[in-house]
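The structure appears below as structure tokens.
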Amino acid sequence: MTKRPDRRKVSDAGLVAFVDGVLEGERRAAVARIIRDDPAVRSRHDLLKKGSRPFRAAFDHLLEEAPAERLEAILAAAKRQATAAPLRGRTERSLQRFALAASLLLAVFAAGALAGVQMAPFLSGEDGGKAPVQKGWLYIVAEYQQLFSPETLSLGAGEKERLPQAVAAAGRYLGKGLTLESVTVEGLDLRRALLYRYKERPLVQLAYLHDGRIPVSLCIIAGRRAAREPRSVQLEGFNIVHWDSAEHGFMVIGKMPRAALEEIARALRRKLST
Amino acid sequence: MEKDVHEIVSSGLTSCLPRLWRYALVLSGDHGSAEDLVQATCVRALERATQFMPGSHLDRWLFSILSSIWKNELRARSVRRGAGLVDAETSLVVDGEQGAQTNILARQVLKEVQSLPEAQREAVLLVYVEGLKYREAAAVLGVPVGTIMSRLAAARERLAHLNATDDQAGPRSKDGKES
């Protein structure tokens with residue numbers, strides 16, 4: 001009497017182990033027999049095998065494209081942070097800041113990555129211009145700004161050339177025409193274009209270095225609101241200038257003297273309104 | 001001794017950076033988040049260096065930290081992937097045009113893997129790309145070995161169906177653990 005193969009002993013997980021070549025000896029031979037004798041198991045085996053790909057080779061290509069210089073800078077910054085903050089408390093605060101920043105994050109590094117994005121700007125208007133929303137996004141951007149340093153804003157190979165495309169993509173995301181020219185003023189060197197969402201609203205952060213050493217950001221959030229003239233506030237040790245148009249909120253943030261930041265904000269506002 | 005361990009972690013981090021970045025990119029799906037995740041991982045590893053056991057695999061310890069930070073502190077804070085905002089094809093490829101020119105197949109594989117659910121593409125990365133054994137990947141992620149195998153099976157099934165709709169691409173080369 002021929003013993004019938006027991007399919008229950010060859011689950012998909014077991015078949016994966018077989019396909020991956022990790023079964024040996026009698027166990028492998030037994031599974032091979034079941035695959036041979038049981039059409040249903042053979043069908044599953046063939047399907048799972050069809051899911052093979054040259055994974056390692058493909059992902060090694062990605063490895064070659066790692067932004068080596070930026071990663072070195074990130075590690076250097078992490079080492080400084082770790083040695084400068086031996087007490088757990090500071091670390092936890094740092095991570096909390098990071099987590100808080102991430103709470104608004106649905107980011108795409110906009111090096112041309114948004115060509116296929118279809119996302120209408122959020123235009124609820126239900127809370128447009130109200131203080132809590134305004135305070136919320138100012139505060140959370142200030143938290144995130146803490147993460148920037150000259151090292152983390154260094155440019156990798158080819159990134160500068162992609163910035164015009166990234167800025168244009170950011171404009172499409174916001175529903176506002178943006179060009180590199182429209183977001184460039186004297187003294188600010190654009191380094192990154194980052195896209196986020198905050199409370200269902202598209203939010204863009206254009207990160208610059210001022211004089212090659214001070215991180216400064218222009219942030220724009222979509223959403224109908226009452227137009228307001230620029231005002232200056234301080235949050236988290238940053239000076240901030242913020243204003244609203246009928247369709248967008250704007251802020252310029254940096255750890256630099258208030259008067260200097262206000263001058264930058266005036267220049268950016270002129271550019272953005274033309 | 002404590003100083004030695006710190007030095008091991010500190011110096012070992014450098015050589016692991018590209019692979020940490022790749023893992024972070026696979027998880028987060030975008031470059032900005034990947035860099036933030038790498039930075040948080042470096043800080044955490046340096047601060048907890050005394051917990052690293054000399055002689056064990058530093059890369060796997062770092063993978064575990066990275067995965068934990070992503071799941072417990074970042075992704076959970078409403079980082080909403082899968083809403084159609086992140087284009088799989090471009091989010092994983094740093095220089096799409098160059099990638100397309102140098103290896104169309106690699107680009108296609110990256111795109112397909114990135115279309116998988118997070119848990120599946122993470123298992124694919126650890127086992128099929130990083131070469132971890134099932135039990136090692138399970139230890140990194142803190143899940144049972146069977147979960148890793150089930151995730152790989154699910155990933156393979158989805159990829160097979162993608163293959164079925166894309167057979168005009170011709171036969172695919174095999175690698176890794178293919179028998």
Side-chain angles (χ1 to χ4, degrees), chain A residues 12-22 47-59 61-63 65-68 70-72 74-75 77-79 81-82 88 91 94-95 98-100 102-103 105-109 111-119 147 152 158 192 194 197, chain B residues 10 13-14 17-19 21-22 25 30-33 35-36 38-40 42-43 46-47 73-74 77-80 83 85-87 90-92 94-95 99 103 105-106 109-110 112-113 124-125 128-129 134 146 149-150 152-153 155-160 163 172-179:
Chain A
D12 278 358
L15 287 173
V16 162
F18 180 84
V19 170
D20 285 344
V22 300
L47 180 71
L48 296 176
K49 192 170 181 179
K50 198 176 176 185
S52 296
R53 297 289 188 278
F55 295 113
R56 183 170 295 179
F59 277 82
H61 276 279
L62 193 59
L63 210 51
E65 296 176 353
R70 191 195 299 280
L71 291 172
E72 292 284 355
I74 285 171
L75 177 57
K79 286 180 176 177
Q81 186 177 346
R88 179 179 300 270
T91 302
S94 171
L95 287 171
F98 187 23
L100 182 59
S103 72
L105 194 65
L106 197 164
V108 176
F109 181 45
L114 281 184
V117 168
Q118 294 180 351
M119 184 70 196
L147 298 171
T152 58
R192 305 277 290 271
L194 296 153
R197 291 186 70 78
Chain B
S10 182
L13 268 169
T14 302
L17 283 174
R19 290 162 65 213
W21 174 80
R22 179 171 66 179
L25 193 57
D30 73 85
H31 302 156
S33 295
E35 291 178 9
D36 290 344
V38 169
Q39 180 166 359
C42 290
V43 172
L46 290 165
E47 291 178 344
E73 299 175 26
L74 301 185
R77 307 290 179 118
S78 70
V79 179
R80 288 169 293 172
L85 273 168
V86 178
D87 182 85
T90 51
S91 62
L92 263 186
V94 174
D95 184 341
N103 197 321
L105 177 59
V109 172
L110 294 176
E112 289 180 344
V113 171
V124 165
L125 178 87
Y128 294 147
V129 178
Y134 298 152
M149 297 165 76
S150 297
L152 291 175
R156 280 180 167 277
E157 183 169 1
R158 290 179 77 118
L159 291 172
N163 209 4
R172 293 169 187 276
S173 59
K174 306 287 193 291
D175 81 340
K177 304 198 173 185
E178 182 64 25
S179 62

Inset, instruction - Looking only at non-hydrogen atoms, find the nearest pair between B:Leu17 and A:Leu71 and report the distance. - result: CD1-O, 3.5 Å
Legend entry - A:Ala78 versus B:Val43, closest heavy-atom pair with distance: CB-CG2, 3.6 Å
Legend entry - Minimum side-chain heavy-atom gap A:Arg53-B:Leu159 below 4.5 Å: yes
Inset, instruction - To the nearest 0.5 Å, tell me how far B:Arg19 CZ sits from A:Phe59 CZ. - result: 14.0 Å
Inset, instruction - Using a 4.5 Å cut-off on heavy atoms from C-beta on, say whether the side chain of A:Asp20 contacts that of B:Arg156. - result: yes
Inset, instruction - Assess whether side-chain contact (heavy atoms from CB on, under 4.5 Å) is satisfied between B:Trp21 and A:Ile74, documenting all intermediate values. - result: CA-CA 11 Å; B:Trp21 174 80; A:Ile74 285 171; over 6 Å; no
Legend entry - Nearest heavy-atom neighbours spanning B:Val129 and A:Arg56: O-NE, 3.2 Å
Inset, instruction - Specify which of B:Ala153, B:Gly146, B:Cys42 makes the most heavy-atom pairs with chain A at under 4.5 Å. - result: B:Ala153
Legend entry - Nearest non-hydrogen partners of B:Leu110 and A:Ala58, listed with the distance: CD2-O, 3.9 Å
Legend entry - Any residue meeting side chain to side chain contact (heavy atoms under 4.5 Å, CB included) with A:Ala13, in chain and number order, not counting sequence neighbours: A:Ser11, B:Met149, B:Ser150
Legend entry - Approximate separation, where rounding is to 0.5 Å, of A:Leu63 CG and B:Arg22 CZ: 4.5 Å
